[in-house]
Protein chains: 2
Amino acid sequence: MRETVTAKDVAKLAGVSQSSVSRVYFEGASVSEKTKKRVLEAAEELGYRPNVYARSLITNQSNIIGLVMKGVQNPFYAQVLKRFSSIFKQHGYSILFVYTNNDEIQKEDVETLLNYNVAGVVVTDATMSFSVGEEFKKNHIPLVFFNRKLGTGEFHSVCCNNLSASRWIAQYLLSKGASELVLITGDEHTSTSIEREKGFCEVLDQQRIAYRKYNSDYTYEGGYQTAMTVLEEKQLPAAFFVANDIMALGVIDALRKNDIRIPQDTKVVGFDNIEMASWPAYELTTWEQPIEEMIEETVNYLLAEIMSYTGLAQIIEVDGKFVERKTT
Amino acid sequence: MRETVTAKDVAKLAGVSQSSVSRVYFEGASVSEKTKKRVLEAAEELGYRPNVYARSLITNQSNIIGLVMKGVQNPFYAQVLKRFSSIFKQHGYSILFVYTNNDEIQKEDVETLLNYNVAGVVVTDATMSFSVGEEFKKNHIPLVFFNRKLGTGEFHSVCCNNLSASRWIAQYLLSKGASELVLITGDEHTSTSIEREKGFCEVLDQQRIAYRKYNSDYTYEGGYQTAMTVLEEKQLPAAFFVANDIMALGVIDALRKNDIRIPQDTKVVGFDNIEMASWPAYELTTWEQPIEEMIEETVNYLLAEIMSYTGLAQIIEVDGKFVERKTT
DNA sequence: GAGTTTGTTGCATACGTATGCAAATGAAAG
DNA sequence: CTTTCATTTGCATACGTATGCAACAAACTC
């Protein structure tokens, strides 16, 4: 029942060889305009579509980009997913979506990516063991860590400049006269959380300013609970620096629950500038990650590496900018 | 450089034929325990992985599920994406993520799905022309419209029972003494919006209760703007029924911006019960879509159809339940 | 017009796996 | 030990495409 039209069928109808049909659909092959036209007409008539599997089998390539993601729930990554899908589609690539519920990408998921011989991989919001990264290198599959880092420069990475951003935020809060500060970090294994903490603390330590640090998990609930814990202890800090926006929203809600006024009684700064940060209910001051720019960098690198693999890795850091709203 | 270990290599090392190797990896083929063990050992040693493309070429099947989605930004669909990915992975399927920015799934996207000969398709948050649906039928590819309907029963569909839910909500608001009502709908072409409107209006018409209807677009900004428009007109309604939660949050923020107290001055009811509906900042009364149940239904149907195709379509409606919070 | 170059075409083969068929093996029965 | 039957194995081929090679045609060059 499943009618399957092959290049041979098209060839017969067009009165050419199967090779010629193949060449019509193969970028850069040499075919005359005349046969090309005849082939396309015949193909149209029969409803021919080249078989992806036969093609990939012989070329040992695919038009699939693997996208590894954990926190789809975080609006930041939802937007990332949307943009990547959109752009890669424009370039003729399809998206193999790999959801990983562990921080570290699992063997099973890696196998999937290798099985489909993906043209490239974007890992956002997850990490992987060093050896797994090497596996991709061995197979000449370009890989980008988006908004994450792994190791120290062995793998390509596109990030916001978390260090300078968090330093800036520290300075900003100090300039606002905030003396006692609270820092709420995200998943402690992620490079983003580590760096945002580092930059922030560096400045405070240098100026001998007191601060308390609480470890959370980059989720709304985490932010909410952590803020509650903070409030259970004696004194209300002058300001909170929260390692991402979604947690910051949780923090705000927890503070409000306790009738603490923002920004009068305390201040809150987030990180990411997700859409919700600008909602009237929150009006969160935050650091904007330049998503478009980061995605463009990522796509350009991948496409170049797919064209001709070098394996050269680089850590690219894009600045982003501070967005002041009503929580400070 | 790209070392490619084939079944032949494994066969040689294990001292068996390539066929035997193939049979070890093929579900339900007959191999003795002895050779199976030897093959697996050899495979392990060489790092063998069956070639997906060769396999699909010959079997004319794939282990890919196409997931078509538009509104990734809506937390409801983010959760749907996460759950589907997770469950299908458990069943050995990978996800081809197809993002469509048009309401109607484009030809290009359909081609992608057909090219990869997906085992099944889930369409959420998008619609497709009738003829495209037929195309999938022709190719015996099972298809489910998730939270959407197309036509009148020609295609399988898993939804919340929008009609009875919105009727229930209308009754509820009336019982709360709300006399003048406002209905804010979503994308007017979507079955969900149409049905939620229908059920709601039916009840009101029957009881000759006045209401105004505003058309919006299922986004936060849409809800916000629409509410602003409503407020520009003379009188504040006693309650809003908003066709989904994310819009309802926009409505709430717009009302608050105008210093309107909820639920004292007016009430708001949403639909979906996304996580944010329970956030302290909103505490939105809403109708809970039984996501888990809907997903389970969808997956079961697809797996069954993949096993043995019948093409039988059914419209499955799951009830869900009312969740009363503080906006009513 | 013979020779040279450029561009196009078909033939034949290869990619790595699944599978029908026949051969071979092993177990069970007599 | 022979016969029967069930199970396992290898051989050979097919899936639909890309591509090296040789053949061919056309267009120039001298």
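Chain A is the first sequence line, chain B the second, and so forth, proteins listed ahead of strands; every chain is numbered from 1.
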Could you please name the option among [options] that lies closest to any side-chain atom of [X]?
X	options	answer
B/Pro50	C/dT17, C/dC11, D/dC11	C/dT17
A/Arg55	C/dT8, D/dT17, D/dT9	D/dT17
A/Ser32	C/dA18, C/dT19, C/dT8	C/dT8
B/Ser19	D/dT9, D/dG10, C/dT17	D/dG10
A/Gln18	D/dG16, D/dC11, C/dA12	C/dA12

Calculate the interatomic distance between [X] atom [atom1] and [N] atom [atom2]; express it in whole Å.
X	N	atom1	atom2	result
A/Leu57	C/dA18	CG	C1'	13 Å
B/Leu46	C/dG16	CG	C1'	15 Å
A/Asn60	D/dT19	CG	P	11 Å
B/Tyr116	D/dT17	OH	C1'	15 Å
A/Lys8	C/dG10	NZ	C1'	14 Å
B/Lys34	D/dT7	NZ	C1'	13 Å
A/Glu33	C/dT9	CD	P	10 Å
B/Lys36	D/dT7	NZ	C1'	15 Å

From CZ (A/Arg55) to CD (A/Gln61), nearest 0.5 Å |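 Nearest 0.5 Å value for the CZ-CD distance: 10.5 Å.
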For the pair B/Phe97 and A/Phe97, name the ring-plane relationship: parallel under 30°, tilted 30 to 60°, perpendicular over 60°.
->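 Tilted.
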Mind checking whether B/Tyr53 and A/Tyr53 have parallel, tilted or perpendicular rings, split at 30° and 60°?
->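 Because their plane-to-plane angle lies in the 30° to 60° range, the rings of B/Tyr53 and A/Tyr53 count as tilted.
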Going by the side chain to side chain donor-acceptor pair (under 3.5 Å) test, name the single residue among A/Asn102, A/Thr124, A/Thr127, A/Asp103 that passes it with A/Lys70.
->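 When A/Asn102, A/Thr124, A/Thr127, A/Asp103 are each tested with A/Lys70, the side chain to side chain donor-acceptor pair (under 3.5 Å) holds only for A/Asp103.
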Under 4.0 Å: is that the gap between some side-chain N or O of [X] and OP1 or OP2 of [N]?
X	N	result
B/Ser17	D/dC11	no
B/Ser22	C/dA18	yes
A/Thr6	D/dG16	no
A/Tyr53	D/dA18	no

Starting at the 5' end of DNA chain D and moving along, which residue's nearest nucleotide shows up first, B/Val16 or A/Ala54?
->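 Between the two, 5'-proximity favours B/Val16.
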B/Thr35 vs B/Ile58, nearer the 5' end of DNA chain D by closest nucleotide =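 Nearest nucleotide further toward 5': that of B/Thr35.
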Do A/Lys137 and A/Phe155 meet the cation-pi criteria used here (NZ or CZ under 6.0 Å from the six-membered ring centre, within 45° of the axis)?
->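 Geometry flag: set, cation within 6.0 Å and 45°.
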Any N or O donor-acceptor pair linking the side chain of B/Arg23 to the base of D/dG10 at under 3.5 Å?
->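 Under the 3.5 Å cut-off, the side chain and the base do form a donor-acceptor pair.
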Report which part of the nucleic acid A/Thr59 touches: base, sugar-phosphate, or nothing (heavy-atom distance under 4.0 Å, all strands).
->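 Since only primed, P, OP1 and OP2 atoms lie under 4.0 Å of A/Thr59, the category is sugar-phosphate.
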Would you mind classifying the nucleic acid contact of B/Val21 as base, sugar-phosphate or nothing, using non-hydrogen atoms under 4.0 angstrom?
->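 Counting heavy atoms under 4.0 Å across all strands, no contact is made by B/Val21.
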Could you tell me whether A/Glu111 and A/Lys107 have a side-chain N and a carboxylate O separated by less than 4.0 Å?
->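 A/Lys107 and A/Glu111: not salt-bridged.
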